[in-house]
Amino acid sequence: MSSTRDIDNLIELMAKLPGLGPRSARRAVLHLIRKRALLLTPLADLMQTVAATARECLNCGNIGTADVCDICDSEKRANGELCVVEDVADLWAMERSGVFKGRYHVLGGTLSALDAIGPQELRIPRLMDRVATEGITEVILALNATIDGQTTAHYIADQLDGRVRLTSLAQGVPIGGELDYLDDGTITAAMRARKAL
């Protein structure tokens, strides 16, 4: 029996994380072992706690440690605005910006005929319920500018047409972006969404 089996298994598991390959995982594990008291032990304890307590918010699909997340629970966030995102990472990105002060709805993916993902496999029925019962006045579709993302946005827009104000995030040239480095689709979207100075 190998004396490094557990360490090898840890490296193998770490290599499965997004952004880490086998070499990066080996460096990370070696660093954690060297800083055992400062990093490894607290990390292991916290991972065990999170594994036992993490759950999806029953209302919006965010990840937290309670049945209803802090955002859904906050009365300050009940301003009638609901931002629809594909996954929790998108919600967290919006929260990092600090620009949105309403509530969210996480779909859990996008519609995809090729992958047999229809509205029932996503949280679209729950979205319709929330719009009907929570006093929602505006739904902001913050979905990725992919074919599946735009298909999903159009489907939701059709379902909610006439029920609430529908908006989407602007698309086009990013701040600090140079035209030479942008793809044709981004330039086209920017031209179509141009505004007066």
Side-chain angles (χ1 to χ4, degrees), residues 9-10 13-20 25 28-29 32 35-112 115-146 148-149 152-153 155-157 159-160 163-169:
N9 289 341
L10 179 58
L13 281 173
M14 293 281 286
K16 293 180 180 181
L17 294 173
L20 288 182
V29 168
L32 288 169
K35 304 282 186 174
R36 186 176 320 202
L38 185 64
L39 290 174
L40 184 59
T41 302
L43 178 64
D45 292 344
L46 196 52
M47 288 179 77
Q48 186 174 11
T49 301
V50 169
T53 62
R55 63 192 70 187
E56 288 184 352
C57 174
L58 297 174
N59 198 39
C60 74
N62 190 11
I63 301 291
T65 56
D67 286 336
V68 177
C69 72
D70 294 341
I71 295 171
C72 288
D73 207 29
S74 171
E75 285 302 317
K76 292 180 182 176
R77 305 293 290 251
N79 61 7
E81 295 177 351
L82 188 66
C83 183
V84 178
V85 295
E86 288 179 28
D87 60 39
V88 175
D90 297 332
L91 185 156
W92 291 354
M94 294 288 290
E95 279 296 286
R96 270 195 321 271
S97 75
V99 71
F100 182 66
K101 301 299 181 195
R103 291 184 173 162
Y104 295 93
H105 188 81
V106 179
L107 293 175
T110 55
L111 297 172
S112 174
D115 298 320
I117 299 174
Q120 299 303 320
E121 284 72 42
L122 303 176
R123 291 189 191 91
I124 293 176
R126 177 70 184 127
L127 171 62
M128 301 305 151
D129 291 343
R130 291 185 70 190
V131 169
T133 61
E134 291 184 20
I136 303 298
T137 56
E138 178 182 5
V139 171
I140 303 160
L141 299 173
L143 303 177
N144 293 325
T146 61
D148 288 343
T152 306
Y155 177 83
I156 292 170
Q159 298 299 306
L160 293 175
R163 294 172 60 185
V164 293
R165 179 175 178 232
L166 287 166
T167 58
S168 66
L169 296 183

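Remember, it's a predicted structure, so these values are computed and weren't measured experimentally. Numbering starts at 1 and runs along the sequence shown.
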Considering only residues two or more places apart or on different chains, which pairs with a residue in residues 42-72 satisfy ring pair (Phe, Tyr, Trp, His ring centres under 6.0 Å)? none
List in chain and number order the residues that pass salt bridge (charged side-chain N to carboxylate O under 4.0 Å, His left out) with Glu121, two or more places apart in sequence or in another chain; answer none if no residue qualifies. none
Set of residues satisfying side chain to side chain contact (heavy atoms under 4.5 Å, CB included) with respect to Thr167, sequence neighbours excluded: Glu138, Ile140, Arg165
Kindly write out the residues that satisfy side chain to side chain donor-acceptor pair (under 3.5 Å) with Thr146, not counting sequence neighbours, or none if the list is empty. none
Within-4.5 Å side-chain heavy-atom neighbours: Leu127 and Leu122: no
Name all residues meeting the side chain to side chain donor-acceptor pair (under 3.5 Å) criterion together with Arg130; count only those two or more places apart in sequence or in a different chain, and write none if there are none. His105, Glu134
Does Arg163, at its CZ atom, have more than 12 non-hydrogen atoms belonging to other residues, nucleotides or ligands within less than 6.0 Å? yes
Minimum heavy-atom separation for Ile156 and Leu107, please, with both atom names. CD1-CD1, 3.8 Å
Scanning both residues in full, the closest heavy-atom pair of Ala25 with Ala15 reads CB-N, 3.5 Å
Please round to the nearest 0.5 Å and tell me the distance separating atom CG of Leu169 and atom CG of Leu141. 8.5 Å
Would you check if Ile71 and Leu91 make a side-chain contact, meaning some heavy-atom pair closer than 4.5 Å? yes
Contacts under 3.5 angstrom, residues 59-68 side chains, donor-acceptor by atom type, not counting sequence neighbours:
residue, atom, partner, partner atom, Å
Asn59, OD1, Arg126, NH2, 2.4
Asn62, OD1, Trp92, NE1, 3.3
Asp67, OD1, Arg55, NH1, 3.3

Mind checking the OG1-CG spacing from Thr152 to Leu143? Nearest 0.5 Å is all I need. 6.5 Å
Side-chain contact, heavy-atom cut-off 4.5 Å: Leu32 with Met14? yes
Non-neighbouring partners of Phe100 that pass ring pair (Phe, Tyr, Trp, His ring centres under 6.0 Å), sequence neighbours left out: Tyr104
Contacts satisfying salt bridge (Lys or Arg N to Asp or Glu O under 4.0 Å) that involve residues 80-105 (not counting sequence neighbours) are Arg77-Glu95
Under the side chain to side chain donor-acceptor pair (under 3.5 Å) test, residues paired with Asn79 that sit two or more places apart: none
Tell me, please, which residues at least two apart from Pro125 pass side chain to side chain contact (heavy atoms under 4.5 Å, CB included). Gln120
Using the side chain to side chain contact (heavy atoms under 4.5 Å, CB included) criterion, which residues pair with Leu166? Sequence neighbours excluded. Val139, Ala157, Leu160, Val164
Taking side chain to side chain donor-acceptor pair (under 3.5 Å) as the test, write out the residues that go with Thr41, two or more places apart. none
Nearest heavy-atom approach of Leu111 to Gly118 is CD2-C, 3.4 Å
